[in-house]
There are 2 protein chains.
Amino acid sequence: MGDSTGVKAARRNISADERRRQLVAAALRVMKRDGIAAATTRAICAEAGMPHGAFHYCFHTKKDLYAAVLASDREIDLDDAWPEIRPDASPEENVRTLLSAYWSQVEADPGAQLVLYELGTVALRDPELQDLPQIEHRESVEKATGYISRLAKEAGLTYLREEGVLADLLLATLNGVTWSWLSHRDDARARASLDQFAGLLATLVRA
Amino acid sequence: MGDSTGVKAARRNISADERRRQLVAAALRVMKRDGIAAATTRAICAEAGMPHGAFHYCFHTKKDLYAAVLASDREIDLDDAWPEIRPDASPEENVRTLLSAYWSQVEADPGAQLVLYELGTVALRDPELQDLPQIEHRESVEKATGYISRLAKEAGLTYLREEGVLADLLLATLNGVTWSWLSHRDDARARASLDQFAGLLATLVRA
DNA sequence: ACAGGACTTGGTCACTTGACCAAGTCCTGT
DNA sequence: ACAGGACTTGGTCAAGTGACCAAGTCCTGT
């Protein structure tokens, strides 16, 4: 109303790249809230506040969107939630607090985890998307390796196995516990499994 | 041709229950081969060699079929593939051979595992199906507990933790390793994780 | 200023999918 | 034998869905 140009209002053009980002974000929101099946091109555009026609201007095909989402869907990140590690505490205790920090993030957003599995199954079935889970998995292992190595530094300990091997197993177990938890939804039970595993991992550590 | 009644051929009526079984089996075949998204009512009927109309005579709704498939989709079974356990071998070695026997079954039919995750995600999103993963999970834990306890008996060892707790963690890790393997498809790497885990489990055992 | 490309929008299309139904055919109990 | 219910079949329907397009509007380089 304050604008003297009147009704025409603001139709500012946005770069296609920016729109792509918005669509990916909107798609992720819809998927988390209503599941991947509900994430139709129309629902995504509506969530992003765009007309439906915008979709195929930004993405040639819906598969392209999936690819973009998969590439953007970085999973849980501890960089901003790194717990306090005490060199004087037992290794088991330190491992436990680290896993607990990770788990808090999982518990905070179950939908995000579920979307990860939904996207994974879709990608694993589609020949055109099959490499993406592999890439994502490699990046996860690298990130986990980084955390493991940081833990060693801060807690002042050494591993009896190669860090990559530990990261592999750790990642698998975390994924498995998450999957189980999505099924039974028993927080205590999931944390119990995690604590058990922390105890086992501490076996492979020398202070 | 040998039938004197001629062209009319065999139109034998089958009980609805039997048809339901056939449809569930056909659905599982289609899902394993082409993914859950390809398992349309038509595709399933075609796979089962039935006309499309038969579907909604046997199942009121497609969700009912999902429920039936989920209920029937018993996962990996070691009863017919139980390995030889030697009381004179080390606990770690025995755990390892048990996990290896399990893993051979996973490797033999990757599609079956993927379908499990696909069905899981679908069920977890649908309020009407949400209890099914929970039930399935409980049954899995019970079965795993049975195997763990059988291992103890045959190998002559005792656990330092409650068997249910071990089963919970074991199940999670197996699931996680499977998921990772579906992504990277590196057989050796999956088995390496499993061997590591066997070593850790052996920590919780007393001969 | 203005040409030309980047962006925007609503509408349309071919196709699939789950659901349903009416008109049959078979089969069992009496 | 035969009534009545269980089973069978092909066809149809409404509701989406991804894809595409033509006619615009905006904006930047020259």
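Order of the sequence lines fixes the chain letters, A, B, ..., with proteins taken first and strands second; residue numbering starts at 1 for each chain. Side chains are part of it too, since the values below use all heavy atoms of this structure and drop only hydrogens, waters and symmetry mates.
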Student: Can you sort out the partners of Ala112(A) under side chain to side chain contact (heavy atoms under 4.5 Å, CB included), two or more places apart, ordered by chain and number?
Tutor: Lys32(A), Asp109(A)

Student: Considering residues at least two apart in sequence or located in another chain, which fulfil the ring pair (Phe, Tyr, Trp, His ring centres under 6.0 Å) criterion with Tyr102(B)?
Tutor: none

Student: Need one value for Tyr57(B): base, sugar-phosphate or nothing, where a base atom within 4.0 Å counts as base even if backbone is also close, heavy atoms only.
Tutor: base

Student: Rounded off to whole Å, could you give me the CZ-to-P distance for the Phe55(B) and dT9(D) pair?
Tutor: 16 Å

Student: Can any side-chain N or O of Ser72(B) pair as donor or acceptor with the backbone N or O of Val69(B) at less than 3.5 Å?
Tutor: yes

Student: So which atom in Phe197(B) and which in Leu169(B) form the shortest heavy-atom distance, rounded to 0.1 Å?
Tutor: CZ-CG, 4.0 Å

Student: Round to a whole Å and report the spacing from CE of Met50(B) to C1' of dG11(D).
Tutor: 19 Å

Student: Nearest-Å distance, CG (Asn13(A)) to P (dC7(C))?
Tutor: 8 Å

Student: Residues two or more places apart in sequence or in another chain: which of them pass side chain to side chain contact (heavy atoms under 4.5 Å, CB included) with Thr61(B)?
Tutor: Lys63(B), Asp64(B)

Student: Can you sort out the partners of Tyr147(A) under ring pair (Phe, Tyr, Trp, His ring centres under 6.0 Å), two or more places apart, ordered by chain and number?
Tutor: Trp82(A)

Student: Quick one: salt bridge (Lys or Arg N to Asp or Glu O under 4.0 Å) pairs with a partner in residues 165-184 of chain B, sequence neighbours left out?
Tutor: Arg189(A)-Asp168(B)

Student: With sequence neighbours excluded, what pairs up with Ser15(A) under the side chain to side chain contact (heavy atoms under 4.5 Å, CB included) test?
Tutor: Asp17(A), Glu18(A)

Student: Applying salt bridge (Lys or Arg N to Asp or Glu O under 4.0 Å), name anything that partners Glu92(B), two or more places apart in sequence or on another chain.
Tutor: Arg96(B)

Student: Over how many whole Å does the gap from Phe59(A) atom CZ to dT8(C) atom C1' extend?
Tutor: 16 Å

Student: What are the atom names and distances for every N/O pair under 3.5 Å that joins the protein to nucleotides 13-18 of chain D?
Tutor:
{"from": "dG18(D)", "atom 1": "OP1", "to": "Lys62(A)", "atom 2": "NZ", "distance (Å)": "2.6"}
{"from": "dG18(D)", "atom 1": "OP2", "to": "Thr41(A)", "atom 2": "N", "distance (Å)": "3.0"}
{"from": "dG18(D)", "atom 1": "OP2", "to": "Thr41(A)", "atom 2": "OG1", "distance (Å)": "3.0"}
{"from": "dG18(D)", "atom 1": "N7", "to": "Arg42(A)", "atom 2": "NH2", "distance (Å)": "2.5"}
{"from": "dG18(D)", "atom 1": "O6", "to": "Arg42(A)", "atom 2": "NH2", "distance (Å)": "2.8"}

Student: Do any pairs count as a salt bridge (Lys or Arg N to Asp or Glu O under 4.0 Å) and have a residue in residues 43-62 of chain B, sequence neighbours left out, and if so which ones?
Tutor: Arg29(B)-Glu47(B), Arg33(B)-Glu47(B)

Student: Does anything in residues 16-27 of chain A reach DNA chain C, meaning a heavy atom under 4.0 Å, and if so which residues?
Tutor: Ala16(A), Arg19(A)

Student: Run through DNA chain D and report every stem of 3 or more consecutive Watson-Crick or G-U pairs, distances under 3.5 Å, ordered by first number.
Tutor: C:1-30 with D:1-30

Student: Rounded to the nearest Å, what distance is computed from the CD1 atom of residue Ile14(A) to the P atom of nucleotide dC27(D)?
Tutor: 11 Å

Student: Can you list everything that forms a ring pair (Phe, Tyr, Trp, His ring centres under 6.0 Å) with Phe59(A)? Sequence neighbours excluded, please.
Tutor: Phe55(A)

